[in-house]
Trainee: 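One structure is given below, represented as structure tokens, and several questions about it will come after.
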2 protein chains.
Amino acid sequence: MDFSSKLLAQAVDEMSLLPGIGKRTALRLVLHLLKQPKQRTQALSAALSRLREEIRFCEQCHNVSDQPLCAICANSHRDSEVICVVEDIRDVMAIENTSQFRGVYHVLGGKISPMDGIGPQDLTIASLVEKVSDGRVRELIFALSSTMEGDTTNFYIYKQIDPAKVLITTIARGIAVGDELEYADEVTLGRSILQRIPFESSFKQS
Amino acid sequence: MDFSSKLLAQAVDEMSLLPGIGKRTALRLVLHLLKQPKQRTQALSAALSRLREEIRFCEQCHNVSDQPLCAICANSHRDSEVICVVEDIRDVMAIENTSQFRGVYHVLGGKISPMDGIGPQDLTIASLVEKVSDGRVRELIFALSSTMEGDTTNFYIYKQIDPAKVLITTIARGIAVGDELEYADEVTLGRSILQRIPFESSFKQS
């Protein structure tokens, strides 16, 4: 695209580096900002800049946080011996929204993915293994997405951990609540039959 | 959504004010920035802020420009007596990409749209009318999108202008090049028959 202004071209270029935002969308967003009052753009620009400069990560679980300890880890009502291992902060938010989990989290910051150049050392696996070997953990719940990368990461962590020290579980896979069987894929349906549970447990509350 | 960090919540809120960007997308974009080196976020933030502070609009055609006159208006090879009236800078870019137009533009900055609270005084119509009554214009080409708002705007400008002073034209509507007739809508197909042109003109170059 040929812009009549270098300032515009630069803003569009920077914007289009964001994932899923192409040049056209970036131009649309930037032109929208130009039509809005100046304060809008300044507020956006300042919020992004402050976020990147001042953000901290919880020392315990590596979730983003404004304090050294995040609100979940700092909450004494949560069971710090049950750790749910997730990929990133969005998964924490998703699980928190269910109100079904009273333990704490461990945010890995990604999945092992050789294709994207992400190895175990890029994730917070070492600190998780340390927590377990310190004997501070009773149960580890794997809640990574069930892709090849997720399974690889689960397995890598599993191999690093002494199974005598901790109970390792993984979230249930099966037919989604409200879904019809005929539209479910075979792998999921197959698993949900193999991993059937006693009927009484199916209406158990946490 | 419940964020563990106020900085994060603020950045997501600002981001989600952009058109077509909801909270979830905003969160994805902001988390992406957090994974990138700090300079990326600072470059984006600075580019947006500079754009909004320093951008100027061409005095002649109201296109965005870093100079008082944009590159098109400043180009002496362009015919400044033929003015193509467009809605915004994206239309300028689209027409420039065709390399078929040697005149100049007039960017209205929008269309008359009472529903969105945009009246004639919010657009650069007055300066266009002035250019015409100064006798500096030979032809005015309406190139607004053919929606109700576009037609209203065309008609409003048409009423403001002395038809003796200037030739007023509008871009051709018809079946797109490469399209099959059977899939065209009736209005477009109907118009393309009513406004048929001599066959010899159809392979004329500009």
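Treat the numbers as computed from the prediction; the structure is a model and nothing was measured. Per chain, numbering begins at 1; letters A, B, ... match sequence-line order.
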Trainee: Heavy-atom distances under 4.5 Å only: say whether B/L17 touches chain A with side chain, backbone, both or neither.
Mentor: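 For B/L17, backbone and side chain are both near chain A.
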
Trainee: Could you tell me which portion of B/L31 (side chain, backbone, both or neither) has an atom closer than 4.5 angstrom to a non-hydrogen atom of chain A?
Mentor: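 The side chain, not the backbone.
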
Trainee: So, taking the atom named CZ in B/R40 and the one named CG in A/L18, what distance separates them when rounded to the nearest 0.5 Å?
Mentor: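 Here the interatomic distance stands at 9.5 Å.
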
Trainee: In Å and rounded to the nearest 0.5 Å, what is the CG to CZ distance from A/L33 to B/R52?
Mentor: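 One finds 8.0 Å between CG of A/L33 and CZ of B/R52.
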
Trainee: Please find the pair of heavy atoms, one from A/L48 and one from B/A11, that lie closest to each other, and give the distance.
Mentor: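 Result for this residue pair: CD2-CB, 4.3 Å.
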
Trainee: Can you confirm whether B/E186 is buried at CD, in the sense that more than 12 heavy atoms of other residues, nucleotides or ligands lie under 6.0 Å from that atom?
Mentor: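 Count not over threshold, so no.
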
Trainee: Between atom OG of B/S5 and atom CG of A/N63, what is the distance when rounded to the nearest 0.5 Å?
Mentor: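 So the gap between those two atoms works out to 9.0 Å.
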
Trainee: Let's test your reading of the structure: which of B/S45, B/G20, B/A47 forms the most heavy-atom pairs below 4.5 Å with chain A?
Mentor: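 Counting heavy-atom pairs under 4.5 Å, the top option is B/S45.
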
Trainee: Could you tell me which non-hydrogen atom of B/Q42 sits nearest to which non-hydrogen atom of A/S49, and how far apart they are?
Mentor: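 Result for this residue pair: OE1-OG, 3.2 Å.
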
Trainee: Tell me which of these, A/L34, A/L8, A/V30, has more heavy-atom pairs under 4.5 Å with chain B than the rest.
Mentor: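 Heavy-atom pairs under 4.5 Å are most numerous for A/L34.
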
Trainee: Any heavy-atom pair between the side chains of B/Q10 and A/R50 that's under 4.5 Å?
Mentor: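 Sidechains of B/Q10 and A/R50: in contact.
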
Trainee: With a 4.5 angstrom heavy-atom cut-off, which part of B/A43 approaches chain A: side chain, backbone, both or neither?
Mentor: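 The answer is both parts of B/A43.
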
Trainee: Check whether B/E96 gets within reach of chain A through its side chain, its backbone, both or neither, counting any heavy atom under 4.5 Å.
Mentor: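 Nothing of B/E96, per the 4.5 Å heavy-atom cut-off to chain A.
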
Trainee: With rounding to the nearest 0.5 Å, note down the distance linking CD1 in A/I21 to CG in B/L29.
Mentor: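 If I round to the nearest 0.5 Å, the distance is 5.0 Å.
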
Trainee: Can you tell me which of B/E53, B/Q67, B/K35, B/E54 forms the most heavy-atom pairs within a distance under 4.5 Å of chain A?
Mentor: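 Heavy-atom pair counts peak at B/E53.
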
Trainee: Please evaluate residues A/R90 and B/R28 with respect to the criterion side chain to side chain contact (heavy atoms under 4.5 Å, CB included), reporting the C-alpha separation (whole Å), side-chain torsions for both, the decisive distance (0.1 Å), and the verdict.
Mentor: CA-CA 8 Å; A/R90 277 176 291 179; B/R28 191 165 54 84; 3.4 Å; yes

Trainee: Between CE of A/M15 and CG of B/L51, what distance do you get to the nearest 0.5 Å?
Mentor: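 So the CE of A/M15 and the CG of B/L51 are separated by 10.0 Å.
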
